[in-house]
**Student:** 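First the structure, then my questions, so here it is.
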Amino acid sequence: MKEQQDMGSMHSDSHVVKGAMVLGLAALLSKLIGTLQKIPLQNIAGDGVFGIYNAVYPFYILVVFLATAGFPVAISKFVAERVAEGDDVGARRILRVSMVLLGAAGIVGCILLNQGADRIAGWMDNVHTAEAIRCSSFALLIVPLMSAIRGYFQGKSMMVPTAVSQVAEQVIRVATMLFLLLFLTRGGVEESVVAAGAALGSTAGGIAGMLVMMYYYHKDRSKASVSADEQAAEPLRSLVWRLVQYAVLVCLGAIVVPMMSIVDTFTVPRLLKMSYGDELQAMAAFGVYNRGLPLVQLVGMVASSISVSIIPAITQDHMSRKLDKLRQRSTILIRWSWILGAASTLGLVLLAEPINIALYSDSNGTDTMAWVACMAVVSTINIMTGAILQGIGKVNAPAWHLLVAVGVKIVLNLWLVPVLGLNGAAIAGVAAYGIAALLNAIVLLRTLRLRISWRDLVVKPLLMMGFLSAGVIVANMLLPDLLQGIGLGNERVEAVIVSLVGIVIGVAAFAGSGIWLGAITAQELAMLPGAKKYIPKLERLGLLKRH
């Protein structure tokens, strides 16, 4: 009997791990699609529409956060409790109650956003954002309901429906956005109308994601058991109160993340308008400022995917009081988040001009892109240290530190943007994320009493950065003349080649010097989940040292 229970537990754990991997990959893919779609948006519609869209979209995300609160997480938790007790009807009751609450919140949010679009545009000090805000509001009729069903399936440890829904939502959103962009730009309509068309993609994506969830829910309901003790059901008022209370607590922690973008939305265009004296010029400049952000977000996505995989191991070490192992694992993660983040930043700074031309067709705002790239290192450290803090049970600390960073961002935007323009906003972002990362690191160092080797933290990484810089600089100096000598004649194609070759050379120099210096050892790699099986092969290839 015990063997059967153990086998069942192993099967359940395997199912959960596989489900988490599926959901993680889907989230990574959907974020990748959502991030990269900004490049064709700028290419097709220009910096003006790009600026309007980037001003409105973070605000829309914030409203979605407020409309759904932390309900998906709350629904997942409450449904999991009912499923554990074999109460399928109770689990579906939680979903029905949640959908009523979220449906009502979505309708209210849609009305407020739609009717208040002109006022919100006034708060942004840019009337050209009003139509995009109005078009974004329609998604609130769909997205909250979809998030409720996603929470229901996650509570049942069924991750595939959510994964398929996320990818479908992003694909249809981007496809609709690109279609409307092409249609409207060829029609010669105003930039504000083009941006509004792009914003409608969120509604189309929401409908696609909702249809996927409804399909899976219909399949699940047809297979569900109908046996349950209805009379033992929790009173409706108590259930609603518990759902709302838990959801609000989750929301307070999650809402801090989009607030950093909201600060830029409400301050940077307004401050730029004071310099340019024209709303559309200010929005075009804001679009230039946002050129580098997708690249920083890509680096952050890699850090996030690593952090998600490491949190369970950190938590297990913490719960089992394996402090030495916990310190070793945390030290490796902190050191490598700094090394990889710094390498990404350095590469983006050195290749800022060719990357700018390759992605956006001109070199406008190259210096700003270089400053924005500096966010990669601090945001990577912030993400990784935040994940470790969550793993050791200090869940609220990263949210509080980000809240402090939001305050820093507001103050520095107001001070630096009037003086330095777009560069001021980028420097403010670097400082804000840097403060959050520093606060996270201080708490970690004090809590775990970490000791990190100066040679491993500073000397070896600086040498690796030196090799990376030398390779990229040489490529940057020689390639343009070589390509012009063979009569390429196309600046953008030349920039693409320089960027790609520079990245390959930089990665090769960075990785090669890291292997030569023994920047990571077999013992350290073995501390990372799932890495042990690769160590013998890496050692045979001479890519890893054991010392």
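Only heavy atoms go into these numbers, but all of them, side chains included; no hydrogens, no water, no symmetry mates. Counting begins at 1 with the first residue of the sequence. In this text, all values refer to a predicted model and were calculated from it rather than measured experimentally.
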**Student:** Would you give me the side-chain donor-acceptor pairs under 3.5 Å for residues 500-513, sequence neighbours excluded?
**Tutor:**
from, atom 1, to, atom 2, distance (Å)
Ser513, OG, Ala509, O, 2.9
Ser513, OG, Phe510, O, 2.9

**Student:** Do Leu483 and Val493 touch side chain to side chain, with heavy atoms closer than 4.5 Å?
**Tutor:** no
**Student:** Under a 4.0 Å N-O cut-off, is there an ion pair linking Arg492 with Asp362?
**Tutor:** no
**Student:** Ignoring hydrogens and geometry, is there a side-chain-to-backbone donor-acceptor pair from Lys394 to Ile388 under 3.5 Å?
**Tutor:** no
**Student:** Counting C-beta onward and ignoring hydrogens, is there a side-chain heavy-atom pair between Tyr360 and Met369 closer than 4.5 Å?
**Tutor:** yes
**Student:** Using 4.0 Å as the upper bound for N to carboxylate O, is an ion pair formed by Arg270 and Asp264?
**Tutor:** no
**Student:** Do Ser344 and Thr380 have side-chain heavy atoms sitting under 4.5 Å apart?
**Tutor:** no
**Student:** Is there side-chain contact between Leu346 and Ser469, with at least one heavy-atom pair below 4.5 Å?
**Tutor:** yes
**Student:** If you look at every heavy atom in Asn364 and Asn356, which pair is closest and at what distance?
**Tutor:** O-ND2, 2.9 Å
**Student:** Any idea which heavy atoms bring Leu271 and Pro418 closest together, and the distance?
**Tutor:** CD2-CG, 4.1 Å
**Student:** Would you call Ser337 and Thr385 a side-chain contact if the rule is heavy atoms closer than 4.5 Å?
**Tutor:** no
**Student:** When Val406 is tested against each of Ile435, Val263, Val411 for side-chain contact (heavy atoms from CB on, under 4.5 Å), which residue passes?
**Tutor:** Val263
**Student:** Can you confirm whether Ile381 sits close enough to Val377 that some side-chain heavy atom of one is under 4.5 Å from a side-chain heavy atom of the other?
**Tutor:** yes
**Student:** Below 4.5 Å, heavy atoms only, C-beta onward: do Ser136 and Tyr57 meet side chain to side chain?
**Tutor:** no
**Student:** Out of curiosity, Phe179 CZ to Leu184 CG, how far, rounded to the nearest 0.5 Å?
**Tutor:** 9.0 Å
**Student:** Given side chains that start at C-beta, do those of Ser192 and Thr129 come closer than 4.5 Å, heavy atoms only?
**Tutor:** no
